[in-house]
There are 2 protein chains.
Amino acid sequence: MEIKELGEFGLIERLTKDIEIKNPSTLKSAGDDCAVIAGNSDEQTLVTTDMLMEGVHFDLTYISMQQLGYKSAMVNISDIFAMNGTPRQMTVSIALSKRFTVEDIEDFYSGLRLACDKWNIDIVGGDTTSSLTGLAISITCIGTARKEDIVYRSGAKDTDLICVTGDLGAAYMGLQILEREKSVYYQQIREIQAKYTDKAEQRKQIEMLAFSPDFAGKEYLLERQLKPEARGDVIETLRKAGIRLTAMMDISDGLSSELMHICRQSGCGCRVYEKNIPIDYQVAVTAEEFNMNLTTCALNGGEDYELLFTVPIGDLSKIESLEGVKMIGHITKPELGQLLVTRDNNEFPLKAQGWNHMA
Amino acid sequence: MEIKELGEFGLIERLTKDIEIKNPSTLKSAGDDCAVIAGNSDEQTLVTTDMLMEGVHFDLTYISMQQLGYKSAMVNISDIFAMNGTPRQMTVSIALSKRFTVEDIEDFYSGLRLACDKWNIDIVGGDTTSSLTGLAISITCIGTARKEDIVYRSGAKDTDLICVTGDLGAAYMGLQILEREKSVYYQQIREIQAKYTDKAEQRKQIEMLAFSPDFAGKEYLLERQLKPEARGDVIETLRKAGIRLTAMMDISDGLSSELMHICRQSGCGCRVYEKNIPIDYQVAVTAEEFNMNLTTCALNGGEDYELLFTVPIGDLSKIESLEGVKMIGHITKPELGQLLVTRDNNEFPLKAQGWNHMA
């Protein structure tokens, strides 16, 4: 169905009609000039926002609209967890060109709602509009946290342990695989174009050529790239274990880049041990296949959405007893710099060559 | 300066370095995973968001980056006032293609900050990223209001008076003028292209041809289109006058369309008197010039960002004593429909042919 058949208000109604409110603090959802959220003096409000542009942040050749909705939501939810908060509300703005159908948006929303339902978040408003070219997405997530629970990037102290959740580099390797398969796909299209001079026949042949490469054995990497998970589960585990976090952020631009943010904002240095960086074996196998340096992938590959945090050295035994959390180094005095200690005990300054989409 | 010379973080630092915090509730601004805002049980939080896409919502042929920043902010601020709230914080996301320079973004931010300074709003975060084509802007504004002060669209009651602030149709007529001058400009470009066969000479001639039409006598219309003002001043006046608002919204898509929202959400009808609709004489003169129906312009022209509200009939004398507020009709029982009463006392159903950017 074409979007113009429904119009803006018809579309919004269709997308939001059966949404149930999950937070008592959501007093008024979409349908007025503003959403209304209850005030609470015991808690502070957290606000984060992210914009995702077609061709820059995602490629619809290989991510589905549903996956894109899910990922767009998770990327924002991850920022709330990275402050040790609880996500509560979300606003969602999308601008679409004419090539998108009502069904496309419904798919996007179904992914979005899957992510929001997972973390009991209310979609309270947004904007649905048109774009001349491609798809633009802007999401704002609102969360809450008690003042004493909020964890900033600036609280790391000398001797604190540096920890990460999950494993690193998988989302980046997933992207490499998808990009490779995409070039194969486009190569096939060019071959068809060369082979068939008749335009109608060309079109027919191209339509028959679906993008459906064989990803056997690479499922984990693809899932990490296409369906990332915000680590609210770890936040819960850390709370239960009574671990006192001194600094935290989520890893979206790569471990090196994020570590340097923490060091700069906390006024400290760090030592990270290459051997401790958690890496899935599929990442190792694929890096080999692509002739890439594994540690570089894990340090600078972005979009893992794992948590990077620091804890006092006294919490070492607590951290060691937790599954899915790995101690990778420690905080030092600022004058010692930000160093990577390699497997053969050499030291190199960390470089934030992370994903710079402005370059 | 090219944006890539600064990179994302350099650019953000340059844009935000000398911003002073104006609200005590702004506890943490840009620089972490989230902004942090103090909780307050006496007040509810209002959230509104808007997305503006180049070529759909604005045309950089005739709006400057500074005006665009100002307008993008005001459009969102207007929604907070439309709930009878006070705007407090704002997040700003922009996606830019390569043709934009650092100076362009600085101009955009200067306009944005002008608007925020006017209403004491803190810019607490956002996202700065790249786009393949054109400029995309997404702004979220956060405000506060005491529970008992919030005015929804749904509170209008039979016999309530319908009021609007300022005058209507001017922003729309401003757009008509700008669009006309733009076609003249493009016509001149086509003439140069026809006249000079040498490409270098063509380019030189086109560069010399700046878009600088003579707008004498139309200044008010252009200002309404390019530099709209959110009517926080009227909100203040209404508070001081002790007027009890029953329903309110801002006029962004045209009076007809907004009135129908209020009627639908309040479950009522309305009668609006053509003779009472406030229209500036420049709008009248220009509608004549364009051979357009004046009332249609005032009813359906969008982007006025005036306030539309209803008050109990007992407040009539208070309303009449206020400058810049006009009573244009009254609310009726739903079965009476939504009617426009013309100057010659005919009745027509109101039509929301307002600006539908999805059509």
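A, B, ... follow the sequence lines: proteins, then strands. Residue 1 opens every chain.
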message: Check this for me: B:Glu103, atom CD, are more than 12 non-hydrogen atoms of other residues, nucleotides or ligands nearer than 6.0 Å?
response: yes

query: Nearest 0.5 Å, what's the CD1-CG distance between B:Ile139 and A:Asp127?
result: 11.5 Å

- prompt: Atom CG in A:Leu52, atom OG in B:Ser93: separation rounded to 0.5 Å?
  reply: 9.5 Å

message: If you count heavy-atom pairs within less than 4.5 Å of chain B, which of A:Leu132, A:Asp32, A:Thr48 leads?
response: A:Asp32

query: So which of A:Ile80, A:Asp250, A:Asp33 has the biggest tally of heavy-atom pairs under 4.5 Å with chain B?
result: A:Asp33

- request: Evaluate the side-chain proximity of B:Cys34 to A:Asp79: yes if any heavy-atom separation is below 4.5 Å, no if none is.
  value: yes

message: Is it the case that the side chain of A:Thr49 and the backbone of B:Thr91 share a donor-acceptor pair, with hydrogens and angles ignored and the cut-off at 3.5 Å?
response: no

Approximate separation, where rounding is to 0.5 Å, of A:Ile94 CD1 and B:Ser138 OG: 12.0 Å

Approximate separation, where rounding is to 0.5 Å, of B:Ser130 OG and A:His57 NE2: 6.0 Å

- request: State which residues pass ring pair (Phe, Tyr, Trp, His ring centres under 6.0 Å) with B:Tyr305; sequence neighbours excluded, sorted by chain then number.
  value: none

task: Please state whether the side chain, the backbone, both or neither of B:Glu2 comes within less than 4.5 Å of a heavy atom of chain A.
output: neither

task: Among the options A:Met249, A:Lys28, A:Gln44, A:Gln89, pick out the one with the most heavy-atom pairs lying under 4.5 Å from chain B.
output: A:Gln44

- request: Heavy atoms only, distances under 4.5 angstrom: which of B:Gly85, B:Gly125, B:Ala136 has the most pairs with chain A? Name it, please.
  value: B:Ala136

Check against side-chain hydrogen bond (donor to acceptor under 3.5 Å, both in side chains), A:Thr133 and B:Thr133: CA-CA 7 Å; A:Thr133 53; B:Thr133 53; 2.5 Å; yes

message: Given heavy-atom pairs under 4.5 angstrom as the criterion, report whether the side chain, backbone, both or neither of B:Ile137 touches chain A.
response: backbone

statement: d(A:Ile142 CD1, B:Ile142 CD1) to nearest 0.5 Å is 5.0 Å

task: Please determine, among B:Ser25, B:Gly143, B:Ser131, the option with the most heavy-atom pairs under 4.5 Å with chain A.
output: B:Ser131

message: As an exercise: rank B:Ala82, B:Gly134, B:Ser78, B:Ala145 by heavy-atom pairs under 4.5 Å with chain A and give me the winner.
response: B:Ala82

- line: Test side-chain contact (heavy atoms from CB on, under 4.5 Å), reference B:Thr45, set A:Asn40, A:Ile37, A:Leu27, A:Val36, output is A:Ile37

